[in-house]
Amino acid sequence: MQSNLRVARSAMPDCKIWAVVKADAYGHGLMAALRGFAEADGLSLIELDRALELRAQGWHKPIMMMEGMFEAADLAQMQAHQLQPVIHNDEQLAMLAAASHAGPEGTDGIDKAIDVHLKVNTGMNRLGFAPGRVREIYEQLAAMPVVRSIALLTHFANAENPQAPLLPSTQLALFKTCTEGLKAELSLCNSAAVLLQHNMHSDWSRPGVMLYGASPGGGSAASFGLKPAMSLESQLISVQSLQKGDYLGYGSSFQAEQAMRIGTVACGYADGYPRHAPTGTPILVNGKRTRVLGRVSMDMLSVDLTDLPEAGVGSRVVLWGEGLPIDEVAEAAATIGYELMCAITPRVRREVRG
Ligand SMILES: *Cc1c(COP(=O)(O)O)cnc(C)c1O
């Protein structure tokens, strides 16, 4: 994590970094991220309960709440703990307006003013105010006693793909036009933009997936100098011999074309391994690359041991991570590294190394 953070730092040396730690730090564990990203300028996430944990654990630097308040009660917590909400809809504006009636100093005399982020919808069309409303909203926020400062942000749909129908340059041009002259810090770049859009200057970046050592697309993680932060590991718990014509597992989707040795790995979709990973998905046994066979089941999956005569019960299995990029497994399973990381379930034992 530290090393990947340095990659983000050197890609945009003048840019402060919001390390994105939503979804339990993309499945890596929020407390591991707290240590790994100690050098980040701020942490950014969605979940209020987790943000409060970060404060309780002593994170005193900024925290951005990327979807802001979900209900009015959230705002009081954000004020009390100096969490910076992204304001992206009228309902949130109304919550701030209501809190402003109490003044920047609440009834208890404690400073309740907060820093907020105004989200601009530049074409992603998930969150944010239409460009034509941004000035008006900015002025509204600026007039609220509870708002100490306003930053501006937008999010790119396709920073990793120069062939995409909506390019970052188009989104950026729109963003610049509708925010020109507004006094605000900007945060723009996700991982793909940090790694690939070098001419895009802003005050802050918001990298996520790259900090965990996976690629956002547009090149392999290794080509960007990233190292996997997570290794998903298990072991062989059984070895079986198949004769020519034997079937394997649920649905009997794999049939042996010749006699072969196979192994059973204690890992399945109840651990977060993708059920849709087909026969041929890469996997390491004793550090050697082989392939998944047949259908992944809840608690187990099978692997080809034909070329691994030394492998047996107890042999170490790496499903992704050290020696096997998560992006390769994701591609075989028709998904992205992001989804695999986030899908690790609570029953998987976490071991923090290093
Ligand atoms: C998740 C998220 C990011 C991080 O995206 P990566 O592709 O993981 O770098 C940045 N900004 C926002 C608003 C996000 O929701």
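Just so you know, ligand 1 is whichever comes first in the structure, and atom 1 is the first atom listed for that ligand.
A donor-acceptor contact closer than 3.5 angstrom links the side chains of Q240 and S238. S231 and E322 are not linked by any side-chain donor-acceptor pair at a separation below 3.5 angstrom, with hydrogens and angles left out of the test. When only modelled atom types and interatomic distance are considered, R148 and Q84 share no side-chain donor-acceptor pair under 3.5 Å.
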Original post:
Could you walk me through whether F175 and F156 pass the side-chain contact (heavy atoms from CB on, under 4.5 Å) check?
Top reply: CA-CA 11 Å; F175 182 77; F156 297 128; over 6 Å; no
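Remark: ligand 1 and P216 share no N or O pair separated by less than 3.5 Å (distance only, no angle test). At a 3.5 angstrom cut-off on N or O pairs, S191 counts as close to ligand 1. Annotation: V209 places an N or O atom under 3.5 Å from an N or O atom of ligand 1; distance criterion only. Where the criterion is an N or O separation shorter than 3.5 Å, residue side chain and backbone included, R206 meets it with respect to ligand 1. For Y26, a nitrogen or oxygen atom sits less than 3.5 Å from a nitrogen or oxygen atom of ligand 1, counting backbone and side chain alike.
By the criterion of a heavy-atom distance under 4.0 Å, neither the backbone nor the side chain of M210 is placed next to ligand 1. If you look at K119 next to ligand 1, the close heavy atoms, those under 4.0 Å, all belong to the side chain.
Remark: side-chain polar atoms of R291 are not paired, donor with acceptor, to backbone N or O of V303 under 3.5 angstrom.
In terms of protein heavy-atom proximity, atom 1 (C) of ligand 1 is closest to K22 NZ, 1.4 Å.
The shell of residues lying under 4.0 angstrom from ligand 1, judged by heavy atoms, includes Y338.
If you take CZ on R55 and CD on Q82, they are separated by 7.5 Å, rounding to the nearest 0.5 Å.
A salt bridge links R347 with D299: at least one charged nitrogen is closer than 4.0 Å to a carboxylate oxygen.
Atoms of ligand 1 found under 4.0 Å from any heavy atom of P207, numbered from 1 in the order shown, are 9 (O).
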